[in-house]
Amino acid sequence: MSALQKKVMLYAIALAYVVTFAVGVFLALLDESLTGREIASAIGLNLVASAIFATFFALIATRSQDQNMQATLRESFAAMSDQVIDRAFQANSTYLPQRTYPATTGFDPVFNRDMQRAMAGSTLYACSGPNPWYVPARLRESDNPPDQVVVRMISPAFDKAVRRRVADRRLLPRLRGVPMDEMIRDYRDSLLTALVALFDCRDICPIDVVFAEDSAVTRHEICDNGVFIAWYRGPDSQTKTFPHALRFSSDALLYKTLRLDILRAREIADHVLTFRAATTEADLIAALAACTGSLLDPDDIARRRSKYAAESAAFVRHLRSLR
């Protein structure tokens, strides 16, 4: 408020007091029967009433003002906090995640909704991790599937990598007490089953599968607008079914590095499984024998197809509930 505005306000208040006082005195003098004592008594009573009113008004007004001030301060601090976070992210989007997701025992609707939205309409979806079990279901349930899929995973033939991943999974409550050899056998079986399920998605888009001896520390899922990184060694991740995860934007250093890394891995790989619309089951059987040493027949393919449909049904229902 400017000095001139303050001066005008003071003049207005002073004028209001003078006019009120003058009108009050004029009205009091109209009654000629009033004595000086009566006038003084009336003024005294009015002063007492004014003091009582002012006391109650001050208490109520002060309390209301404090509440309003606290609410205003909370709103201001919240707004300032959001602005600080936004500016920090804008200034450091190269290194800071857009969002974090806690480890969970069940399907995380927030993570899966964000993942499905990022995948929809993306030209590329790349998944790099030990086991692409959920990828086929995601592709099938995507409203607008990607144009191209690249998967990097552990080969069932990579014994040390399989054992390393199984050793990490032994802390899961549902696997405690299960013999190591049984877990290894089941994990190899799940890798082959996931490959059959990926093969069945060849009508959706071209799919390339690269095998790598993954150390099973993270899983990366890359789309055009960002990367989702699941950290298997993150907070509570080792005892939860779904690990702690982070999302980085396409401007982040991690996104640029991981995207280039998986595309180069496909480029330099000695063996790449390529699933196209024209790929047949005979091609799949021959490719699996050459790349993984797994000798399957049409009955094995059919059994694994049925197994994936049954074991992924709960996840499919979860994805459909997010629409």
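For the numbers below, each heavy atom of this structure counts, side chains included, while hydrogens, waters and symmetry mates do not.
Side-chain contact between Cys223 and Met115: present, with at least one pair of heavy atoms (C-beta onward) separated by less than 4.5 Å. Between Met153 and Leu195 the shortest side-chain heavy-atom distance falls below 4.5 Å. A 4.5 Å side-chain heavy-atom check between Trp133 and Thr193 finds at least one atom pair inside the cut-off. Using a 4.5 Å heavy-atom cutoff, the side chains of Ile285 and Pro298 are in contact. By the 4.5 Å heavy-atom criterion applied to side chains, Ile262 and His220 are not counted as neighbours.
At distances below 3.5 Å, at least one donor-acceptor pair connects side-chain atoms of Ser122 with backbone N or O atoms of Asp224. At distances below 3.5 Å, not a single donor-acceptor pair connects side-chain atoms of Asp236 with backbone N or O atoms of Ala103. Using modelled atom types, one side-chain atom of Arg188 and one backbone atom of Pro156 make a donor-acceptor pair closer than 3.5 Å. Checking side-chain atoms of Arg276 against main-chain N and O of Ile207 turns up a donor-acceptor pair under 3.5 Å. Formation of a donor-acceptor pair under 3.5 Å by the Arg323 side chain with backbone atoms of Arg320 is not found in this model.
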Residue pair Lys256, Leu260: steps toward the side chain to side chain contact (heavy atoms under 4.5 Å, CB included) verdict: CA-CA 6 Å; Lys256 297 174 182 177; Leu260 182 60; over 6 Å; no

Working for side chain to side chain contact (heavy atoms under 4.5 Å, CB included), residues Arg304 and Asp189: CA-CA 9 Å; Arg304 295 178 188 283; Asp189 187 71; 2.5 Å; yes

Worked check of side chain to side chain contact (heavy atoms under 4.5 Å, CB included) between Arg259 and Val227: CA-CA 8 Å; Arg259 181 184 175 107; Val227 56; over 6 Å; no

Residues Gln238, Tyr232; criterion side chain to side chain contact (heavy atoms under 4.5 Å, CB included); working and verdict: CA-CA 6 Å; Gln238 292 181 280; Tyr232 292 116; over 6 Å; no

Name the atoms and distances for all side-chain donor-acceptor pairs under 3.5 Å in residues 311-319, with sequence neighbours left out.
| from | atom 1 | to | atom 2 | distance (Å) |
| --- | --- | --- | --- | --- |
| Ser312 | OG | Tyr308 | O | 2.6 |
| His318 | NE2 | Asn112 | ND2 | 3.1 |

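Rounded to the nearest 0.5 angstrom, Asp159 CG and Ile154 CD1 are separated by 11.0 Å. In this structure, Arg113 CZ and Leu322 CG are separated by 5.0 Å, a value rounded to the nearest 0.5 Å. From Asn131, atom CG reaches atom CG of Leu191 across 4.5 Å, with rounding to the nearest 0.5 Å. Residue Trp231 holds its CH2 atom at 8.5 Å from CG of Leu246, rounded to the nearest 0.5 Å. Here CG of Leu258 is found 12.0 Å from CD of Glu221. Values are rounded to the nearest 0.5 Å. Here the straight-line distance linking atom CZ of Arg138 with atom CE of Met119 works out to 6.0 Å at 0.5 Å rounding.
Between Asp297 and Arg303 there is no salt bridge, since no side-chain N of the basic residue sits under 4.0 Å from a carboxylate O of the acidic one. For Lys307 and Asp300, the salt-bridge test fails: no basic side-chain N is under 4.0 Å from an acidic carboxylate O. No salt bridge links Glu213 with Arg164; every basic N to acidic carboxylate O contact stays at or beyond 4.0 Å.
Between Ser190 and Tyr187, the shortest heavy-atom contact is OG-O, 2.7 Å. The minimum heavy-atom distance between Gly106 and Thr104, with the atom names listed, is O-OG1, 2.7 Å. Scanning both residues, Asp261 and Arg152, for their nearest heavy atoms gives OD2-NH2, 2.8 Å. For the residue pair Pro146 and Tyr125, the shortest heavy atom distance occurs at CG-CB, 3.6 Å. Pro136 and Ala197 make their closest contact through CG-CB, 3.5 Å (heavy atoms, listed as atom of the first residue, atom of the second, distance). The two atoms that bring Ser250 and Tyr255 nearest to each other are O-CD2, 3.3 Å, heavy atoms only.
Residues satisfying the ring pair (Phe, Tyr, Trp, His ring centres under 6.0 Å) test with Phe111, not counting sequence neighbours, are Tyr101, Phe228. Applying the salt bridge (charged side-chain N to carboxylate O under 4.0 Å, His left out) test to Arg176 and every residue at least two apart in sequence or in another chain returns nothing. Every side-chain contact (heavy atoms from CB on, under 4.5 Å) that Ala216 has, sequence neighbours left out, goes to Pro130, Arg165, Asp168, Asp214. With sequence neighbours left out, Asp203 forms a side-chain hydrogen bond (donor to acceptor under 3.5 Å, both in side chains) with Arg140. Take Gln148 and apply the side-chain contact (heavy atoms from CB on, under 4.5 Å) test, not counting sequence neighbours, and it matches Leu124, Val150, Asp208, Arg266.
In this structure, Phe275 and Phe199 have perpendicular ring planes: the angle between them is above 60°, well past the 30° mark.
Tested against Leu273, the residues Val209, Leu198, Thr279, Asp283 include a single side-chain contact (heavy atoms from CB on, under 4.5 Å) partner, Val209.
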